[in-house]
Protein chains: 2
Amino acid sequence: MTTHVEARQSVPALESVARSRILDSAAELILDQGFAGTSMREVAASVGIKAGSLYHHFASKEEIFSAILERGIEVMVDSFAAVPVAVTEPPEALLRAHVRAHLGSLFEFGPYTAVHVTTFRSAPSSVREAIVPRRDAYEAMWSTLLHRIASGGAFRDDQDLGIARLVLFGAMNSTIEWFDLDGSLAIDDLADAVATQFWQGVSREGPSKEGLSREGLSREAAIQ
Amino acid sequence: MTTHVEARQSVPALESVARSRILDSAAELILDQGFAGTSMREVAASVGIKAGSLYHHFASKEEIFSAILERGIEVMVDSFAAVPVAVTEPPEALLRAHVRAHLGSLFEFGPYTAVHVTTFRSAPSSVREAIVPRRDAYEAMWSTLLHRIASGGAFRDDQDLGIARLVLFGAMNSTIEWFDLDGSLAIDDLADAVATQFWQGVSREGPSKEGLSREGLSREAAIQ
DNA sequence: GTCTATATCACGATAGAC
DNA sequence: GTCTATCGTGATATAGAC
């Protein structure tokens with residue numbers, strides 16, 4: 001049985017099915033145990049081969065990790081780009097659709113994005129630095145979106161868009177700590193909740209200029 | 001030089017200065033590299049001793065890790081309890097004060113809380129399970145706070161408090177990924193930004209019943 | 001493409017001198 | 001309380017048979 005040309009080496013290289021199976025298993029393990037806490041033997045066992053065989057598909061453990069982190073971004077970027085809502089829609093709807101897409105990339109396309117989010121900060125710096133530009137590109141997509149919405153006048157005047165984006169990212173990404181795709185809360189409802197909380201907050205009353213200003217708190221009220 | 005009774009072993013045991021120095025160094029390393037990615041030799045080197053000497057102070061690597069995670073919760077609980085704002089204050093002020101306290105525990109009392117937040121999910125299950133009750137206790141403090149505010153009628157009627165709390169936690173905890181205590185943004189201003197975003201959202205208009213409801217989006221507007 | 005076998009090394013942990 | 005020395009283990013990675 002001769003192996004035919006499966007090697008259409010484009011850039012980036014297409015993943016063979018074998019590589020994909022390895023990445024799937026490795027990502028699952030790394031999500032639970034971290035990168036350093038996951039051994040090549042474990043990865044190999046979970047795909048049903050021996051450790052040495054992994055090196056036929058990847059040059060090193062780090063290469064596996066890098067591929068996982070990259071795919072994690074890829075999933076996010078693709079989800080963002082595939083959002084089926086026109087930019088001419090009302091800003092709330094546009095926003096919610098993108099929140100839904102980001103949450104989808106965390107829960108509906110394998111563990112790649114979740115691994116990216118949870119393990120990026122402890123990754124070896126060589127791995128981390130190689131990924132940074134792609135991360136930045138994804139974050140820029142969000143910045144552009146928020147700026148577009150802001151230019152329409154939908155945000156409070158004093159709203160810092162950079163902080164708003166980072167806080168929203170934190171709210172979305174941290175759902176991996178507690179959201180269960182098979183639980184009673186549907187992911188669409190989760191997206192609604194996160195987007196609504198981002199958009200209008202939790203309070204009953206609308207925004208007021210001094211509602212939360214620090215100066216509004218009388219010193220006398222402080223105890224201790 | 002005879003060693004006098006420094007061992008008033010209460011429960012929980014008081015940390016000796018030696019133990020504290022080790023925990024400080026270990027927490028810093030673990031924050032960067034993760035638990036599995038940090039070796040006892042590294043920890044020892046960063047406190048200026050040899051690896052074997054660590055075992056005079058701790059029985060195992062896991063014991064060091066457990067102590068760090070526990071102290072991380074301790075810092076949060078203490079900060080929460082020390083919030084200098086009476087519960088009779090307006091809910092926005094009360095909330096902002098607690099957000100400030102939580103952020104303080106992340107940035108102003110060593111790396112312990114940050115380590116807890118970033119590495120809990122990949123910790124060995126034995127370590128994780130021992131900590132869960134204390135985590136729950138801290139989360140209960142927040143639940144109580146939010147319920148108290150809600151019972152005053154300050155939240156929107158449809159607001160799920162559980163989700164609101166989790167989203168707020170995510171927003172606060174994820175600041176470790178980007179906030180710099182020595183940067184241009186002061187931690188007080190960060191707390192204001194996070195609390196305001198939680199309270200009133202980013203939008204200019206106040207909450208409306210259908211502003212973000214999914215049904216509000218016309219099907220015709222969907223593209224692709 | 002997977003196997004076995006192994007080289008090389010770093011890890012956590014222990015023992016005993018000082 | 002810290003040291004040196006070392007044990008036993010498991011890690012990544014390689015080489016070559018099939």
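- Of the possible polar contacts, one joining the A:Ser174 side chain to the A:Ala171 backbone as a donor-acceptor pair under 3.5 Å is found.
- Distance alone, capped at 3.5 Å, is enough to place a donor-acceptor pair between the B:Arg128 side chain and the B:Ala123 backbone.
- Nearest nucleotide to the A:His57 side chain, out of D:dT12, C:dT2, D:dG1: C:dT2.
- Considering only side-chain atoms of A:Ile49, the nucleotide from D:dA13, D:dC3, C:dC3 that sits closest is C:dC3.
- The nucleotide whose nearest atom lies closest to any side-chain atom of A:Met40 is, among D:dT6, C:dT2, D:dA13, D:dA13.
- Atom-to-atom, CD of A:Glu42 to P of D:dA11 comes out at 7 Å; the value is rounded to the nearest Å.
- At D:dT14, none of the side-chain N or O atoms of A:His56 fall inside 4.0 Å of OP1 or OP2 (strictly under the cut-off).
- Separating the CG atom of B:Leu54 from the P atom of C:dC11 is a distance of 13 Å, rounded to the nearest angstrom.
- Atom-to-atom, NZ of A:Lys50 to C1' of D:dT14 comes out at 18 Å; the value is rounded to the nearest Å.
- By the 30° and 60° cut-offs, the orientation of the rings of A:His116 relative to A:Phe120 is parallel.
- Atom OH in A:Tyr55 sits roughly 19 Å away from atom P in C:dA5 (whole-Å rounding).
- You'll find that the side chain of A:Arg41 is closest to D:dT12, out of D:dT12, C:dG12, C:dC3.
- For B:Ser53, whose side chain is taken as the heavy atoms from C-beta onward, the closest listed nucleotide among D:dT12, D:dT6, D:dT2 is D:dT2.
- Straight-line distance from the CZ atom of B:Arg19 to the P atom of D:dG1: 12 Å, rounded to whole Å.
- Regarding A:Glu62, its CD atom lies at a distance of 17 Å from the P atom of D:dA11, rounded to whole Å.
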Run A:Arg96 and A:Glu89 through salt bridge (Lys or Arg N to Asp or Glu O under 4.0 Å) and show every step you take. CA-CA 11 Å; A:Arg96 190 187 56 245; A:Glu89 277 290 307; over 6 Å; no
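- For A:Leu29 and D:dA11, the CG to P distance is 12 Å, given to the nearest whole Å.
- When heavy atoms are screened at a 4.0 angstrom cut-off, B:Lys61 is found touching the sugar-phosphate backbone but no base atom.
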